[in-house]
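What follows is a single structure, written as structure tokens, with notes after it.
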Amino acid sequence: MNMTPHLIRDLGTENLQVRPDAAAKLTGNPGFLTDRVQKGQLIGAILGSPHPHARLLHINVDAACALPGVHAVVTHADIPGTKHYGLRKVDRPVLCIDKVRHVGDPIAAVAAVNIEVARAALALIQVKYDVLPVVSHADVALQPTLPADHQIHASGNLLHAAAHQQGDPHAAQAATVHSVQDCYVTPRQMHAFLETEGGVAEPDGAGGLRLFFGSHNPAREKQVIADMLGLHDKVQALGTPVGGSYGGKDELTVQPIAALLAWKAQRPVRLHLSRPQSVDMGVKRHPMQIRMSTGCDAQGKLTFHRVEILADTGAYATHGPEVLDAALEHAPGPYQYQALDISARLAYTNNGIAGAFRGFGAVQVQFALEQQIDRLAACAGLAPDVFRAINLAPSDAPGPLGQWIVPFEGAQRALEVARQQPLWQGPHRWRSDDGRYLHGVGLTLIHRSDGFGKGGPSDCRMELTLAEDGAIELRCGFTELGQNLVGTIQGLCAELLGCDSTIVRPVLGDTSCTPDSGPVAASRATTLVWRVLQDLRPAWQAQLLAAAALLHPGADTIFCCGKQGIEGPEGLWLNYADLAQHMGDKRPRLAIHLQAEDPKDNAHDTHFVFGACAAIAQVRVDTWTGAMRVQDLVMCTALGPVASAQGYLGQMEGGAVMGLAMCTQENLPCVDGHYTARNLDGYLIPTMADAPRMQVLAIENLAADDPIGPRGAGEISVNFALPAVANALAIALQRPVTHIPMTPERVIAALESHPDSAVP
């Protein structure tokens, strides 16, 4: 495939614009939603369980209620409506009713005049427990003979299971010459966002509530709390801005408790978790155990691929079933096989809660698969890039589970660009002159689904409006999580509507004035904004041009949109403010409802749209200490047009550091139901000093009839960074990487088990 230079952008060499929200965030004005302070505001606090698993026998809050300065104390008995919430499975209590299932599980909450009084009130609440056995391993949780007191939910410990088979396994096995099988283990990872979970709930004076919490979907937040309190349409939720999420705020955590306190006290309540509380109550990445067996023939063509996935979802479902489905769907990767046999199980345990996390189930299996691919390439005597090239599924082939997908050449393009990079064309393994350091260069190729699987909340509503002051407003329920959605909307409006970006005013995440766009998750926001503007552009321009023609009836030629207003071929120039004043109440307000495009024949939970990326990582291993450093990372991203260069670059670089940290550093073990770290002094995350040299090559090619436009860039950098670094490390060590993170202790063990004398 011939790649033309103008279709590849090296984003690191471009002069990027300043983000439109940079000044406000750098000055702390207006701040995050947790910074909201109002007169008469109370401080909320939560009593969490000290036990990972126990029956609740008795809760007495009388002494706490009597403490001066306390305005509300709540337990499950104070909830007038729905007491549980959840996504595909409604299993998480707002406040625990009959038992607790993880350390920190909320039992009661108080609202008081200050945090000191609130904490004193919590200390006065009396709780009697019947402590139950702790289920701390997913494989133990699913044993068929497990005693009843080990069952975390009445339905049992198996939350979800899925499987997929295709092809003729016997014929595939007969054609196999080389095979590799192993068990890969991935860690629990913490989001470690800047702003821990929190916000403010306020009575509105008319029997309703206003909510100010960082979230992905204020509309869902509104619905959960309205159902809990029986308030119907009397809840307003505002969700922007958010101090980081990476998926960790896609589900509700403290919002229902704060709302219950504010509703009972009839006073504003601010509830903001400390870091240790956030560790206890917040979601984490799903730890997985992945057994893979993969084969190829003598020429290196893949034959069979068998995968068994066991994941630990912790105490409650949240996004667990969807994460497992994503792992199953991405287990084959962008390759084609004669036969597939994939199964996956998701277990309840008492190990906190696992949920949505950037990379969303795919990154764990991609790490395992890309190790398998490198190992098979070596068995077949082929270079890793050559092996991948001969096994890539054609761009018009069915999806990984045989479903219909949008034809896309992203994987082919990304691999071709990666193979041309100097880092890959140089040596792949060498030792430093002094003999101390081993270097390895690894390559990976992954594809990543966009949006929700079939049957998910894929519908999206938005509005495009000309405001009274002449600003162009795109109104949507998405929230600004730090991903530069504001800048992306401004850039896309400027490009597709022909206006200046400075007059575009995104209106985000406020249920009182924005339609329900669904969650800003699954890398879907940029693509949906692009599609909405494409669909609305003809009607938008027609209404504005008709109004301009009425304002200047003598100009009978065709008008076109200019950068500052409406420009006619005879030199007529109208800015949007003048046009808005002229149109008055007839200013355009266009609404659109996009529905999922998944074909009817596709299986439930499969995806229709995929992007693809290749990456090359160079690592250096200190053979004396086992310390490992990622020195270079080249990212070849085939995601279509770049909607916002600075947003795109930020997503790629930031996600890449998060992915490499999962490979080399981050892990949050849970021992007998207790996390081994509850703060960032015990759970270390990478800093700027740990970041490698990074190059982002954006491949913008799309087919002329492509219906999707830009693919999502929010997650895929995590997906390719982890396997790229793991592959580079395996090349340096000449040993497969099966258990991450590869700590110095594991590196030393690998070196000692395989003394290296062959590297020049």
Side-chain angles (χ1 to χ4, degrees), residues 88-89 137-144 156-166 169 180-189 247 283-295 304-314 317-335 337 339-349 351 353-373 375 399-403 446-449 453 603-607 662-663 667 715 718-719 722-723 726 736-740:
R88 208 151 94 185
K89 186 175 181 65
H137 298 282
D139 51 353
V140 173
L142 298 183
Q143 289 178 357
N157 290 344
L158 179 64
L159 169 58
H160 182 56
H164 175 79
Q165 292 83 33
Q166 69 184 47
V180 173
Q181 61 182 6
D182 222 321
C183 181
Y184 299 88
V185 179
T186 67
R188 181 181 292 103
Q189 189 178 21
V283 300
K284 312 293 181 293
R285 189 183 298 281
H286 283 82
M288 291 189 187
Q289 179 177 286
I290 304 158
R291 298 185 183 277
M292 273 191 183
S293 180
T294 315
F304 74 90
H305 188 47
R306 286 194 298 270
V307 186
E308 296 178 4
I309 304 167
L310 177 61
D312 179 352
T313 205
T318 70
H319 272 295
E322 293 87 352
V323 167
L324 192 74
D325 290 337
L328 181 98
E329 186 179 21
H330 288 82
Y335 310 110
Y337 309 82
L340 287 174
D341 184 359
I342 312 172
S343 61
R345 295 179 299 159
L346 184 66
Y348 283 121
T349 69
N351 296 329
I353 310 171
F357 201 132
R358 199 177 194 178
F360 204 81
V363 64
Q364 294 96 321
V365 295
Q366 287 162 337
F367 148 66
L369 173 63
E370 289 295 288
Q371 281 283 293
Q372 293 280 101
I373 294 295
R375 295 169 70 179
L401 300 186
Q403 77 270 31
I446 61 101
H447 68 184
R448 179 71 177 86
S449 61
H604 191 77
D605 300 321
T606 58
H607 288 80
M662 184 179 173
C663 182
N667 182 24
E715 297 182 80
V718 174
N719 294 86
L722 166 56
V737 174
T738 60
H739 197 297
I740 56 172

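- Under the 4.5 Å side-chain criterion, counting only non-hydrogen atoms from C-beta, Ile446 is not in contact with His330.
- The aromatic rings of Tyr337 and His305 lie parallel to each other, their planes meeting at an angle below 30°, with 60° marking the opposite boundary.
- A distance of 5.0 Å separates OH in Tyr335 from CD1 in Ile373, rounded to the nearest 0.5 Å.
- None of Asp341, Ile342, Thr294, Leu340 except one satisfies the side chain to side chain contact (heavy atoms under 4.5 Å, CB included) rule with Arg306; the exception is Asp341.
- Taking 4.5 Å as the limit, every side-chain heavy atom of Thr738 sits out of range of all side-chain heavy atoms of Gln371.
- Defined by atom type and a distance below 3.5 Å, a donor-acceptor pair is present between the side-chain atoms of Asp325 and His160.
- Put simply, the residue from Leu324, Asp605, Thr606 that forms a side chain to side chain contact (heavy atoms under 4.5 Å, CB included) with Glu329 is Thr606.
- Arg285 is listed as a side-chain neighbour of Val718, based on a closest heavy-atom distance under 4.5 Å.
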Carefully, step by step, assess His137 and Thr349 under the rule side-chain hydrogen bond (donor to acceptor under 3.5 Å, both in side chains). CA-CA 7 Å; His137 298 282; Thr349 69; over 6 Å; no
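- Pairing each heavy atom of Leu328 with each of Ala344, the nearest pair is CD1-CB, 4.2 Å.
- The environment of Arg375 atom CZ is dense: over 12 non-hydrogen atoms of other residues, nucleotides or ligands sit within 6.0 angstrom.
- In this structure, Arg88 places its CZ atom where more than 12 heavy-atom neighbours from other residues, nucleotides or ligands lie under 6.0 Å away.
- The distance from atom CE of Met288 to atom CZ of Phe367, rounded to the nearest 0.5 Å, is 12.5 Å.
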